[in-house]
Undergrad: 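Let me begin by handing over the structure; questions about it come next.
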Amino acid sequence: QVQLVESGGGLVQPGGSLRLSCAGPGNIVSFYTMGWYRQAPGKQRDVVATISNGNIPYYTPAVRGRFTISKDNAKNTVSLQMDNLKVEDTAIYYCSADGRFALRDFYWGQGTQVTVSS
């Protein structure tokens with residue numbers, strides 16, 4: 001089975017930074033649209049950022065200008081640099097791999113907790 005492994009979550013003060021990383025098997029980062037989703041308690045899981053296999057990024061407006069998604073095809077990893085964190089960014093963050101219409105499969109990581117608090 002495909003396993004996506006996240007790391008880098010933790011507790012940070014408002015205005016601080018965290019960097020999340022996700023490692024996948026094989027060359028999945030080269031062929032799939034990779035992404036980060038988040039889910040706060042009582043709320044739906046929603047997209048934070050994605051990056052296509054052609055290295056085209058997308059950001060939800062709530063994080064645009066503060067978060068940066070990137071990938072390293074050689075290392076088969078995708079990262080999310082989170083700067084100027086806000087309390088409302090607190091959530092479980094999930095790595096994703098989306099095969100889109102060509103591959104027709106989708107994979108989730110188990111999630112990593114990000115808590116922004118004073």
Undergrad: Take atom CD of Gln113 as the centre, draw a 6.0 Å sphere, and report whether it contains more than 12 heavy atoms from other residues, nucleotides or ligands.
TA: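 Enclosed.
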Undergrad: Got a sec, which residues hit side chain to side chain donor-acceptor pair (under 3.5 Å) with Tyr94, two or more places apart in sequence or on another chain?
TA: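 Partners of Tyr94 under the side chain to side chain donor-acceptor pair (under 3.5 Å) test: Arg45.
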Undergrad: Restricting to side chain to side chain donor-acceptor pair (under 3.5 Å), what partner residues turn up for Asn27, sequence neighbours left out?
TA: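 Residues passing side chain to side chain donor-acceptor pair (under 3.5 Å) with Asn27: none at all.
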Undergrad: Can you name the side chain to side chain donor-acceptor pair (under 3.5 Å) partners of Asp72, sequence neighbours left out?
TA: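 So Asp72 forms no side chain to side chain donor-acceptor pair (under 3.5 Å) with any residue.
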Undergrad: Transitively linked via ILVMFWY side-chain contacts under 4.5 Å: Val2 with Trp36?
TA: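 Yes, because Val2 and Trp36 connect within a single hydrophobic cluster, where side-chain heavy atoms sit under 4.5 Å apart.
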Undergrad: Would you please test Thr33 and Ile51 for side chain to side chain contact (heavy atoms under 4.5 Å, CB included) and show each step?
TA: CA-CA 6 Å; Thr33 293; Ile51 186 164; over 6 Å; no
Undergrad: Once side-chain hydrogen bond (donor to acceptor under 3.5 Å, both in side chains) is applied, what residue pairs with a partner in residues 53-66 remain, sequence neighbours excluded?
TA: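 The answer is Arg66-Asp89.
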Undergrad: What about Tyr37 and Ile69, same hydrophobic cluster or not, with Ile/Leu/Val/Met/Phe/Trp/Tyr joined at side-chain heavy-atom distances under 4.5 Å?
TA: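 No; tracing contacts between hydrophobic side chains, which count when under 4.5 Å, never links both residues.
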Undergrad: Return the set of residues passing side chain to side chain donor-acceptor pair (under 3.5 Å) with Ser70 (not counting sequence neighbours), or none when no residue passes.
TA: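 Partners of Ser70 under the side chain to side chain donor-acceptor pair (under 3.5 Å) test: none.
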Undergrad: Asp83: what forms a side chain to side chain contact (heavy atoms under 4.5 Å, CB included) with it, not counting sequence neighbours?
TA: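 Expected list: Ser17, Gln81.
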Undergrad: Using side-chain heavy atoms (C-beta onward) and a distance below 4.5 Å, is Glu6 in contact with Leu4?
TA: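 Sidechains of Leu4 and Glu6: no contact.
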Undergrad: Write out all pairs satisfying disulfide (SG to SG under 2.5 Å) with one or both partners inside residues 28-118, taking only residues at least two apart or from two chains.
TA: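 Qualifying pairs: Cys22-Cys95.
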Undergrad: Phe106: which residues meet the ring-ring contact (aromatic ring centres under 6.0 Å, His included) condition with it, sequence neighbours left out?
TA: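 Trp108.
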Undergrad: Could you pull out the closest heavy-atom pair between Ala40 and Ala91, with the gap in Å?
TA: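 Of all heavy-atom pairs spanning Ala40 and Ala91, the closest is N-CB, 3.8 Å.
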Undergrad: Sequence neighbours left out, what passes side chain to side chain contact (heavy atoms under 4.5 Å, CB included) with Ala23? Give chain and number order.
TA: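 Side chain to side chain contact (heavy atoms under 4.5 Å, CB included) list for Ala23, sorted by chain: Thr77.
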Undergrad: Do Tyr107 and Val29 belong to the same hydrophobic cluster, where Ile, Leu, Val, Met, Phe, Trp and Tyr are linked whenever their side-chain heavy atoms lie under 4.5 Å apart, directly or via other members?
TA: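 Same cluster.
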Undergrad: Going by salt bridge (Lys or Arg N to Asp or Glu O under 4.0 Å), name the residues that satisfy it together with Arg100, two or more places apart in sequence or in a different chain.
TA: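 Residues passing salt bridge (Lys or Arg N to Asp or Glu O under 4.0 Å) with Arg100: Asp98.
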Undergrad: State the CD-CD1 distance between Gln39 and Ile92, to the nearest 0.5 angstrom.
TA: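 Between atom CD of Gln39 and atom CD1 of Ile92 there are 7.0 Å.
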Undergrad: Checking one residue: Leu11. Which other hydrophobic residues are in its cluster under the side-chain 4.5 Å linking rule?
TA: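 Answer for Leu11: none, a lone residue.
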Undergrad: Who are the side chain to side chain contact (heavy atoms under 4.5 Å, CB included) partners of Val12, not counting sequence neighbours?
TA: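 Val12 satisfies side chain to side chain contact (heavy atoms under 4.5 Å, CB included) with Leu18, Leu85, Val116 once adjacent residues are dropped.
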Undergrad: If you take all heavy atoms of Ile28 and Met34, which pair is closest and at what distance?
TA: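 Taking Ile28 first and Met34 second, the nearest heavy atoms are O-SD, 4.2 Å.
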